[in-house]
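Step one of this worksheet: look at the structure below.
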Protein chains: 2
Amino acid sequence: MKISAKGEYGIIALIDVANYYGGEPIQAKSIANRYNIPERFLEQIMTTLKKAGLVKSIRGSHGGYQLAKTPWEITLGDALKALDGDISPMYCVSENNKEQCSKERLCTIKDVWEEIRGCIQKTLSSITLKDMCNKKMEREMKAAHMYFI
Amino acid sequence: MKISAKGEYGIIALIDVANYYGGEPIQAKSIANRYNIPERFLEQIMTTLKKAGLVKSIRGSHGGYQLAKTPWEITLGDALKALDGDISPMYCVSENNKEQCSKERLCTIKDVWEEIRGCIQKTLSSITLKDMCNKKMEREMKAAHMYFI
DNA sequence: ATAATTCCTACCATTCCGATAGGGATTATA
DNA sequence: TATAATCCCTATCGGAATGGTAGGAATTAT
């Protein structure tokens with residue numbers, strides 16, 4: 001029941017890219033350095049995010065990544081779905097699961113998995129990158145203030 | 001973000017043992033056969049459940065397992081905590097995590113993990129073995145009725 | 001004594017995770 | 001046009017976790 005490093009790194013990167021929304025593209029290398037993420041690993045993660053349509057890339061010198069949508073159109077649910085595949089505690093309640101479990105008719109546990117999947121999904125899809133950016137700024141302001149005192 | 005086979009098998013076994021609450025002890029072998037779970041694997045799982053204080057065992061011939069508490073005192077949260085270790089999407093919000101993350105002061109994502117952990121926990125700890133037994137019986141009654149028609 | 005059980009420990013095969021690595025394609029700019 | 005800075009594609013790899021399997025000891029009812 002753990003979210004992978006890939007998932008966490010990807011979310012960190014997405015929030016960072018969202019922070020620069022409307023400006024110059026931001027490089028994977030830069031993100032990797034600032035958040036202490038293995039550079040080549042992050043490259044792959046960015047590719048995943050690109051394939052999922054969450055970021056767009058600009059190749060060549062001065063290239064980098066930008067959001068493919070606005071920060072308030074991308075939720076953490078979108079991100080984790082792209083990165084970790086699917087948010088569900090059990091395969092039988094996975095979205096892209098076609099084959100029905102043979103014991104399904106008498107299975108009483110499936111409902112529980114369904115409920116858990118629902119509450120995770122609800123939480124994650126209610127939080128946008130914009131929300132995370134706002135929160136971050138707020139947090140940094142507060143930290144700066146503490147520093148002054 | 002998946003619950004392990006160990007977790008699922010353990011919950012199935014617990015519900016089964018709860019079904020026999022107040023009666024004779026039920027053997028791991030019997031559970032394994034009826035639910036198609038590898039026998040020796042289930043043995044280990046039952047040991048885990050015993051160590052967690054959820055079942056008690058009776059050794060020797062005619063031995064087996066019984067609930068260590070009443071079915072309405074044991075929740076699915078208790079079960080999964082014992083089986084899968086800890087229900088949290090990230091180590092930094094795990095219950096038995098002592099060392100604070102170095103980036104914690106500026107980390108805005110931790111709150112999200114915390115929220116998810118909370119909603120999973122809430123769901124799982126609200127469902128008792130008794131609930132699951134009732135549900136199962138209901139389901140079986142319905143199935144039997146369908147069969148008659 | 002025997003059979004049925006739990007219990008303890010070790011081992012093992014496969015898969016997944018978290019990278020690392022080499023090199024190609026593209027692009028700004030000097 | 002050469003160069004440096006990027007993204008991009010593919011392959012590989014070590015370690016840990018997962019999902020078992022296995023041998024045999026201890027306990028107990030019959």
Side-chain angles (χ1 to χ4, degrees), chain A residues 1-13 16-17 20 24-68 80 83-86 89-91 94, chain B residues 1-13 16-17 20 24-68 80 83-86 89-91 94:
Chain A
M1 282 297 285
K2 292 279 178 288
I3 283 166
S4 67
K6 187 178 180 186
E8 188 181 17
Y9 291 161
I11 286 183
I12 290 173
D16 194 70
V17 172
Y20 291 88
E24 295 293 295
I26 185 87
Q27 295 81 34
K29 189 176 184 176
S30 159
I31 300 176
N33 287 337
R34 282 178 293 118
Y35 295 98
N36 208 26
I37 299 171
E39 192 177 329
R40 302 301 297 268
F41 191 25
L42 184 59
E43 274 186 26
Q44 297 175 53
I45 293 172
M46 297 312 291
T47 301
T48 304
L49 291 173
K50 188 191 173 185
K51 281 179 185 162
L54 301 183
V55 300
K56 57 189 174 188
S57 65
I58 295 159
R59 301 182 68 172
S61 186
H62 287 67
Y65 294 94
Q66 290 174 322
L67 284 196
L80 271 184
L83 294 161
D84 273 5
D86 180 47
M90 192 63 67
Y91 293 102
S94 164
Chain B
M1 280 298 284
K2 292 280 178 287
I3 283 166
S4 68
K6 186 179 180 185
E8 188 181 17
Y9 291 161
I11 285 183
I12 291 173
D16 194 69
V17 172
Y20 291 89
E24 295 292 296
I26 185 86
Q27 295 80 37
K29 189 177 186 177
S30 160
I31 300 175
N33 286 337
R34 282 177 293 119
Y35 295 98
N36 208 24
I37 301 171
E39 192 177 328
R40 303 300 298 269
F41 191 26
L42 185 58
E43 276 185 24
Q44 296 176 53
I45 294 173
M46 296 311 292
T47 301
T48 304
L49 292 174
K50 187 192 173 185
K51 281 180 184 161
L54 302 182
V55 300
K56 57 188 173 189
S57 66
I58 295 161
R59 301 183 67 173
S61 186
H62 287 66
Y65 294 94
Q66 291 174 321
L67 285 196
L80 270 184
L83 294 161
D84 273 6
D86 181 47
M90 194 60 68
Y91 292 102
S94 164

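Just so it is clear: chains get the letters A, B, ... in the order the sequence lines come, proteins before strands, and each one is counted from 1.
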Q.
If I take atom CG from residue B:Leu42 and atom CG from residue B:Asn33, how far apart are they, to the nearest 0.5 angstrom?
A. 10.0 Å
Q. When rounded to the nearest 0.5 angstrom, what distance separates OH in B:Tyr9 from CD1 in B:Ile45?
A. 7.5 Å
Q.
Please tell me if A:Tyr9 has a side-chain N or O lying less than 4.0 Å from either OP1 or OP2 of C:dG18.
A. no
Quickly work out the [X] [atom1] to [N] [atom2] distance and round it to whole Å.
| X | N | atom1 | atom2 | result |
| --- | --- | --- | --- | --- |
| A:Ile12 | C:dG18 | CD1 | C1' | 15 Å |
| B:Leu83 | D:dG20 | CG | C1' | 16 Å |
| B:Tyr91 | D:dA16 | OH | C1' | 10 Å |
| A:Glu8 | C:dC17 | CD | P | 15 Å |
| B:Met90 | C:dC17 | CE | P | 13 Å |
| B:Ile3 | D:dA17 | CD1 | P | 19 Å |

Within the structure provided, determine whether [X] and [Y] are in side-chain contact (heavy-atom separation under 4.5 Å).
| X | Y | value |
| --- | --- | --- |
| B:Met1 | A:Met1 | yes |
| A:Tyr65 | A:Pro25 | no |
| B:Ile12 | B:Glu8 | yes |
| B:Lys6 | B:Thr48 | yes |
| B:Val17 | B:Leu54 | no |
| B:Met46 | B:Leu49 | yes |

Counting only heavy atoms and a strict 4.0 angstrom limit, can you tell me which residues of [range] come near DNA chain C?
| range | value |
| --- | --- |
| residues 25-32 of chain B | B:Gln27, B:Ala28 |
| residues 58-67 of chain B | B:Ile58, B:Arg59, B:Gly60, B:Ser61, B:Gly64, B:Tyr65 |
| residues 37-51 of chain B | B:Arg40, B:Glu43, B:Lys50 |

Q.
Check whether B:Asp84 reaches the backbone of B:Ile3 with its side chain - one donor and one acceptor, N or O, closer than 3.5 Å.
A.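 Answer holds: no.
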Q.
Main chain of A:Gly63, side chain of A:Gln27: is a donor-acceptor contact present, judged purely on distance under 3.5 Å?
A. yes
Q | Taking every non-hydrogen atom, the tightest pair across B:Gly7 and B:Leu80 | A | CA-CD2, 4.0 Å
